[in-house]
**Q** 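Take this structure, written in C-alpha cells, and hold onto it; I'll ask about it next.
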Protein chains: 2
Amino acid sequence: MAATIRDVARAAGVGLGTVSRVLNLSPLVSAATRQRVLDVIAELHYVPSRLAHTLIAGKTRTVATIAPFFTRPSVIERLRGIEATLAGHGYNLVVFNVESAERRNACLRDVPRADRCDGVLMISLPPRGDEIAALHATKLPVVLVDTSASGLLGVCIDDVAAGELATRTLVELGHRRIGFIGDAQAYTATFNFTSSWERHQGFRHVLQAAGLAVRPAYEGFGFHGRYEARVLAREMLLLAEPPTAIFAASDTQALGILEATRDLGLTVPAHLSIIGFDDIDIAEYLGLTTVRQPLFESGAHGAELILSMIAGHRPAPVTAYLPVELVVRGSTAPPASA
Amino acid sequence: MAATIRDVARAAGVGLGTVSRVLNLSPLVSAATRQRVLDVIAELHYVPSRLAHTLIAGKTRTVATIAPFFTRPSVIERLRGIEATLAGHGYNLVVFNVESAERRNACLRDVPRADRCDGVLMISLPPRGDEIAALHATKLPVVLVDTSASGLLGVCIDDVAAGELATRTLVELGHRRIGFIGDAQAYTATFNFTSSWERHQGFRHVLQAAGLAVRPAYEGFGFHGRYEARVLAREMLLLAEPPTAIFAASDTQALGILEATRDLGLTVPAHLSIIGFDDIDIAEYLGLTTVRQPLFESGAHGAELILSMIAGHRPAPVTAYLPVELVVRGSTAPPASA
DNA sequence: GTTACCATTGGAACAAGTTCCACTACATTG
DNA sequence: CAATGTAGTGGAACTTGTTCCAATGGTAAC
C-alpha cells in the first residue's frame, strides 16, 4: 500500500541505511545523495510509519489518562490542561472514561502497559495498595492528579485546608448553624474519591475549633449531582432550626442547594449563605461564592511531570500542592439574625 | 525487559508457531502442549505486545477524534457518546483538541494516517475540498459529527429546520420583534463551523414567511461565548425599539442574554423571551426554553458508523439527520404588548 | 508391508523501521 | 609508497508477533 523505506531505497538506488540516515538527519550523508533521497521521498509521498518506529523505539508518544465522569466541569478543565501540554510536546492523549467500578478496575489493570502508552495520568482515582505495586512493576511513569498515594507523584490541593478555609469564612461571617453537603461514602468508596471527605474533615475541624456543635442533621451526603444535593438541602432547610449557611463540596452540589432555596422561596444570601467548590464556569454567572482550585493548571502540571519522567527524569514521588483561593461573590453574607 | 513470545517458546520447549497458536486459540495444538505453554505464560507473566500485533495486523484499535473547543458542554457530551461506544468495542479514543486554525489544519493533515488510528471522527469541523480529497486518499474511515461534507458520512441535525422551529415558536407566541444572536463569520470561517449560520438561515426564513422585517440591529454576531453574547444582547436591548424575543444559536449564548437582561433590570419572559439551543445541563436549572439536540447519541452513532466501516462495511457517504425537539421552559411567553 | 493421510509441530519469512558492522574510496601522514 | 584514517555507503540483524510451508510421527487403509 503505502511506500516503505525499502521502496525509497530501491527507487533512489541507495541502501536502507542511507535512507534512514537522511530521515534522521545524520550528517554522514553526502549532499548529493541526501537530495536524491529527498526527491524520491517527495515523489513517492513516503511517510515513515509511526507504528514501526514505535515498535523499535519502544515509545508510543502517547499518554493515557484515566478520568472518572469526564463530563464533570472540573474533570474537563483538567483534561484541557493535560491535552494542551501534551499536544505542545507532540504527544497524543488517549482518554479512558470511568463511570463504574468494573471499568475503573479494568482500566487500572489494562491501561498501564508499555506497549499502549509511555505514561499514565490518573484523575481523582487513587490506586489501592496492590494496584500501586502493580503500577511500580510496569516501570511506567504514573502521575496522579487531584489525589495522592504513597510512592507515587501527585498534583493536588490541600482539601482539608480548603475545607477549613470555606468553613472559616462562614464562621467569621457570624454563622453558627452551618451545614455541609458532600459525596456519600458508599459512592466515593467505589472510586476511592477523597476530596469530598477531606473537605468535610476541614469543615469539622473549624466547627470544633469554633466551639460549634457538629449536628448530624446538618451534614448531608449523596451521589455527586445537582439533583441529590437539592434533595439533601431541602431536608436541611425544612428543619425546625435550619442552618444559616451551607458549604458544598462542589459547585455542582452548590447549584442543587440554590435550587432548593428557590423551591422553598428562600433568598440567597438573606436566608442562606452558600459556598461552593471549584469555581466552575457557571459559578460567576450565578454569583456563587466558592473555593477556586487551579483545574487547568493541575492537568498541565501533571502532564509536565509525566513528560519529564518519560524523558528519563525520576523525580521523588511527592505530592505537589497547588494553592486554592476563596472567590467571594454574592451567595455569602452574615446571617440574618446577626 | 518483558517476556517475548520467543522466551515463552524456549522455556516451554516448543516452537514459535505453537505459542502463537495457543495464543490465538487455534485447535491445532495438543491439549498437553497447550497446557505446558499456558503454564509458562503464567509463570513468566507474559503479555503479548499490543505494538507488535498492531504492526502485523495494520490495525491500531484506536479511533482519533478531532474536536474544537472540547470544554464546550455540547462537545463534551458528544465525546462521551463516542468514548462509551468505542470502549464497548475495545477501541481506544485519542482526542485532539482544536482551538486555533493552525492546530485545525495540522490535525487534518497529520491525524488521518493508518499508522495512527483505524478511523477518524471529526466534530463540527467540515473539511475543505482539498482536504476531503486527501482524506479519501488515506482510505481511512472518516465520519463527521455535527457537520457534513459531500462524499463523507455525517451525523448531524437539520440546523436550518431547527432554526425555523425555534423562530416559529416565537412568532406563534405573537412576537414581532425577534432578534438573533449567533457566531461571527470571521470566527466560524476559521473552523468552517456551519451550525450557527444555518440556524440563522432558518431564522430568516421564518421571519420572511411571517412577513416580518429582518432588521440588522436585531442580528448580533460574535465569538461563541457568554460574555460576547451578553454584550451583543445589551446593545440590542438598549435600542429605542428593542426586540421582545431573542433566539440564541446556543445555550451558552442564551446565558449571556440572560445576564444582559439581569444587568438591565429586565425580567424574563415578561420583557424578553429567550430560546437557546442544545439543552445543556444547566438549561433546566435556568428554566431556559431551548432546542434539544441528541448530543450523546450523535457521538455514539458516529462511533458506531466508524466501527462498522473499520469492520469492512462501506456505507454510502450520506448524512444522517437526528431529530431535534423543542423543550419549553419558563424563558418564553407571549410579548407583553400582546 | 506399503502407501496415504492427518494431526501436530518447528521455524523461516515478513511487517517497517533502526542500529551497527563491514566495506569502499579517497585523503592524509610518516 | 605504504600505512592509517575517515567520510560515505550498503545491508544484515534486530524489535515482536503472525503466517505459512515443510517436516515429523503415527494411524489407517489396501
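Letters A, B, ... are given to chains in the order of the sequence lines, protein chains preceding strands, and every chain is numbered from 1. Hydrogens, waters and symmetry mates are skipped; everything else that's a heavy atom, side chains included, is used. Everything numeric in this text was worked out from a predicted model, so none of it was measured.
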**Q** Whole-Å distance between D:dG17 P and A:L51 CG?
**A**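 From A:L51 CG to D:dG17 P: 14 Å.
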**Q** Quick one, A:S124 and A:T147 - any side-chain contact, counting heavy atoms below 4.5 Å?
**A** no
**Q** State the OG-CD1 distance between B:S298 and B:I82, to the nearest 0.5 angstrom.
**A** 7.0 Å
**Q** Please tell me which of the listed nucleotides, C:dT18, D:dG17, C:dT9, lies nearest to the side chain of B:V29?
**A** C:dT9
**Q** Taking only residues two or more places apart in sequence, or in another chain, which ones meet B:S49 in a side-chain contact (heavy atoms from CB on, under 4.5 Å)?
**A**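 If we apply the side-chain contact (heavy atoms from CB on, under 4.5 Å) test to B:S49, skipping adjacent residues, the hits are A:D115, B:L51, B:A52.
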**Q** Nearest of D:dT18, D:dT16, D:dA7 to any side-chain atom of A:L28?
**A** D:dA7
**Q** Just checking, any donor-acceptor pair under 3.5 angstrom between side chains of A:D183 and A:T188?
**A**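 Side chains of A:D183 and A:T188: no pair found under 3.5 Å.
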**Q** Do the side chains of A:P68 and A:I123 get nearer than 4.5 Å, heavy atoms only?
**A** yes
**Q** Can you tell me how far C1' of C:dC14 sits from CG of B:L55, to the nearest Å?
**A**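 After rounding, the gap between these two atoms is 9 Å.
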**Q** A:D7 has an atom CG; how far is it from atom P of C:dA15, in whole Å?
**A**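 Atom-to-atom, A:D7 to C:dA15, this comes out as 10 Å.
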**Q** Nucleotide by nucleotide, 5' to 3', does protein get under 4.0 Å of the base (B), only the sugar-phosphate (S), or neither (-) in nucleotides 19-24 of chain C, counting heavy atoms?
**A** BB----
**Q** In whole Å, what is the span from the CZ atom of B:R6 to the P atom of C:dA13?
**A**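 So the CZ-P distance, B:R6 to C:dA13, works out to 13 Å.
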**Q** Would you mind reading off the distance between A:L23 atom CG and C:dA16 atom P, rounded to a whole angstrom?
**A** 15 Å
**Q** At a heavy-atom distance below 4.0 Å, what parts of residues 30-41 of chain A sit against DNA chain D?
**A** A:S30, A:T33
**Q** Quick check for you: to the nearest 0.5 Å, what is the distance between B:R34 atom CZ and B:L38 atom CG?
**A**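 With rounding to 0.5 Å, CZ (B:R34) is 7.0 Å from CG (B:L38).
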**Q** B:A52 has a side chain; which of D:dT16, D:dT18, C:dA16 sits nearest to it?
**A**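 Between D:dT16, D:dT18, C:dA16, the one nearest the side chain of B:A52 would be D:dT16.
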**Q** Between A:E131 and A:R104, is any pair of side-chain heavy atoms under 4.5 Å apart?
**A** yes
**Q** From CZ of B:R10 over to P of D:dG17, roughly how many Å is that when rounded to an integer?
**A**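 Rounded to the whole Å, the gap is 13 Å.
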**Q** May I ask you to establish whether B:R61 and B:Y91 are in a cation-pi arrangement, using a distance under 6.0 Å from NZ or CZ to the six-membered ring centre and at most 45° from the ring axis?
**A** yes
**Q** Once you build an axis from the first five pairs and another from the last five of the helix from C:dG1-D:dC30 to C:dG30-D:dC1, how far apart in angle are they, to 10 degrees?
**A** 60°
**Q** OP1, OP2 of D:dT16 versus side-chain N and O of B:T4: anything below 4.0 Å?
**A**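 Answer is no, no contact under 4.0 Å.
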**Q** Taking the side chain as every heavy atom from C-beta outward, state whether B:P294 and B:I157 have any atom pair closer than 4.5 Å.
**A** yes
**Q** Can you list the residues that meet the ring pair (Phe, Tyr, Trp, His ring centres under 6.0 Å) rule with B:F70, with sequence neighbours excluded?
**A**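 Partners of B:F70 by the ring pair (Phe, Tyr, Trp, His ring centres under 6.0 Å) criterion come out as none, since no residue qualifies.
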**Q** For a quick check under 3.5 Å, do A:N24 and A:S20 share a side-chain donor-acceptor pair by atom type?
**A** yes
**Q** Excluding sequence neighbours, so at least two apart, what forms side-chain contact (heavy atoms from CB on, under 4.5 Å) with A:R6?
**A** A:T4, A:R10, A:L16
**Q** Tell me: CD1 of B:I5 to C1' of D:dC14, nearest whole Å?
**A** 16 Å
**Q** Just call it for A:V14: base, sugar-phosphate, or nothing, with non-hydrogen atoms closer than 4.0 Å on any strand.
**A** sugar-phosphate
